[in-house]
Each structure stands twice: as structure tokens, then as C-alpha cells.
Amino acid sequence: MYPELTDEALTDLLRQNDPVALETLFKRYYKSLCHFCSLYTKDHEIAEEIIADLFIKLWDSRYDASILKLKNYLFVSAKNLSLNYNQKKRAPVDSIEDLELQQHLFQDEETPFKILSGRESYKRIVAVIDTLPLRQKEVLLMSRIDNLDKHKISEILGISVRTVETTLYQSIKQLRLLLKDSNSFNIGS
């Protein structure tokens, strides 16, 4: 084991086919990655499988790895693998009772107008968020959609907590301005 080596040095050793470097990285990040992944999957056992697969992929791609910041790479990969798992996991209605319950809820609360206006609002907000600068968009989505705190965002993106706070403030301010402009544009049309 190489507990004293930096991530960069361990990445170099990985490229040189050193399995002890992988073991060191595994011991360094496994628990925190599993915890992070389980925030998305809501299942610790699934999170452990996803992270084990992530380290297998890291080993398999060790020769062509152009990873600059390993910690960021691992956390972003864990997030993406978790989101992919959640997408695959979504199954159609499990039973007739569930279908009847969903139809009942739909008939009682949702009208076509509510559904359409909700979709339009959502599309408009997503379109406005897409116009934000990349870093602002990342921080905003991690904070508001992924519900990550500023310390976790700082850790994942490799930036200071203060930078996360400032970027989040700027993105929300910009989003409000853009939505306000978008509303006045739509009213005038």
C-alpha cells in the first residue's frame, strides 16, 4: 500500500500496471464513494456494486486514462453510474392496483391544462438554465437538483466552498433575471 502517495502519483502507478496503487485508491475512496452513491440509489448494497464496478473500469482503462483530477473523476463517475442505474431501475406499473391508483390521482388532481402548463414552465426553466455558464449550471444543478451541500460540491468540483457559494449566488441571480426577461418576453408576444 502507498498511503503517503498523492492521487496523481497513484494514477501514474496505475498506468504502469501496479495493482497496489488501485488497492490504495480503493481503500482511500471506497467508503465515501459508496456513501455518495447511496444518496442517489437509496440502496447501500447497490451503491457498493456500482463503486466496485467503477474501480474495475478504472483498472481496465488504466492505460488510456487521461484523468487529471482522480477524485473528481471518481465522484462524477459515481454520480453518472448511479443516475444510469436509477434510469434502468424505473419499471412500468407493477400491478393493476398501482395503475388504478395512478388513474384515480390523475383524474382528481391533474387536468390537461395543468399538465401542459407545468411542462411548458419546466421546458422554459430548463432552457434558461442551459444558457448559464457551465460552472454556474453545474453548481446550480448539484445544489438544487442533486441536493448536495456546498462542501460536497466543493469536494467534487475541486473548488473552494467560498467559490461554490459565490457561483451559486451568481447563478441564482442570473436565473432570476433570465426568467424575468423570459416572462416579459412571453407576455409581450
Side-chain angles (χ1 to χ4, degrees), residues 3-12 14 21-22 24-59 61-62 65-90 118 121-182:
E4 70 285 348
L5 293 181
T6 65
D7 288 353
E8 292 78 17
L10 291 169
T11 304
D12 289 340
L14 269 180
L22 180 70
T24 304
L25 289 168
F26 185 84
K27 290 201 186 285
R28 186 175 290 176
Y29 290 113
Y30 181 75
K31 281 185 180 181
S32 58
L33 284 167
C34 284
H35 176 71
F36 176 71
C37 190
S38 65
L39 294 173
Y40 292 97
T41 63
K42 310 292 187 229
D43 185 329
H44 193 71
E45 287 180 15
I46 296 297
E48 288 178 337
E49 287 179 32
I50 289 171
I51 300 308
D53 288 344
L54 173 60
F55 277 98
I56 290 169
K57 288 178 186 175
L58 180 65
W59 179 253
S61 64
R62 65 192 176 277
S66 59
I67 301 167
L68 299 176
K69 292 190 176 194
L70 183 70
K71 186 175 185 179
N72 293 351
Y73 168 81
L74 290 172
F75 277 92
V76 170
S77 295
K79 175 186 171 185
N80 291 338
L81 290 169
S82 300
L83 294 174
N84 289 345
Y85 168 80
N86 287 340
Q87 283 290 357
K88 290 177 186 173
K89 178 178 85 168
R90 289 190 186 140
S121 296
Y122 175 79
K123 285 180 184 176
R124 190 166 47 89
I125 290 170
V126 168
V128 170
I129 289 173
D130 280 340
T131 65
L132 292 173
L134 179 61
R135 183 62 73 172
Q136 285 184 9
K137 186 166 77 172
E138 281 179 327
V139 170
L140 180 67
L141 292 175
M142 286 177 148
S143 172
R144 297 304 193 253
I145 303 299
D146 298 335
N147 294 321
L148 298 177
D149 66 45
K150 58 188 174 190
H151 298 286
K152 191 53 111 175
I153 295 170
S154 165
E155 186 179 315
I156 292 169
L157 296 178
I159 59 178
S160 72
V161 173
R162 182 70 182 137
T163 303
V164 170
E165 291 170 344
T166 304
T167 306
L168 184 59
Y169 171 78
Q170 291 169 342
S171 63
I172 291 171
K173 182 179 174 184
Q174 184 70 16
L175 185 62
R176 284 184 180 142
L177 283 171
L178 291 169
L179 286 172
K180 183 180 175 187
D181 290 345
S182 174

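Residues: numbered from 1 along the sequence shown.
- Separating the CD1 atom in I156 from the CD atom in E138 is a distance of 10.5 Å, to the nearest 0.5 Å.
- Here N86 contributes atom CG and Y40 contributes atom OH; the two are 10.0 Å apart, rounded to the nearest 0.5 Å.
- In this structure a side-chain-to-backbone donor-acceptor pair under 3.5 Å is missing from S143 to V139.
- A heavy-atom distance below 4.5 Å is found between the side chains of S32 and F75.
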For residues 43-57, dump all side-chain donor-acceptor pairs below 3.5 Å to protein atoms at least two apart in sequence or in another chain.
from: D43; atom 1: OD1; to: E45; atom 2: N; distance (Å): 3.0
from: D43; atom 1: OD1; to: I46; atom 2: N; distance (Å): 3.3
from: H44; atom 1: NE2; to: E48; atom 2: OE2; distance (Å): 3.3

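- Within the 4.5 Å cutoff, the side chain of T24 has no heavy atoms near those of the L5 side chain.
- Counting only heavy atoms from C-beta outward, the side chains of T11 and R62 never approach each other to under 4.5 Å.
- R28 is listed as a side-chain neighbour of D7, based on a closest heavy-atom distance under 4.5 Å.
- Residues L157 and R135 form a side-chain contact, since some pair of their non-hydrogen atoms from C-beta on lies under 4.5 Å apart.
- Between Q136 and I172 there is no side-chain heavy-atom pair separated by less than 4.5 Å.
- To the nearest 0.5 Å, the span separating CG on L140 from CD on Q174 amounts to 11.5 Å.
- Proximity of L81 to Y85: side-chain heavy atoms (C-beta onward) are nowhere separated by under 4.5 Å.
- Residue Y29 holds its OH atom at 11.5 Å from CG of L58, rounded to the nearest 0.5 Å.
- No donor-acceptor pair closer than 3.5 Å links the side chain of S82 to the backbone N or O of T41.
- The side-chain heavy atoms of Y30 and L25, taken from C-beta on, include no pair separated by under 4.5 Å.
- For the atom pair NZ of K79 and CG of L33, the computed distance is 14.0 Å after rounding to the nearest 0.5 Å.
- Here CD1 of I129 is found 9.0 Å from NZ of K137. Values are rounded to the nearest 0.5 Å.
- Side-chain atoms of T166 and T163 form no donor-acceptor pair, as typed in the model, at a separation below 3.5 Å.
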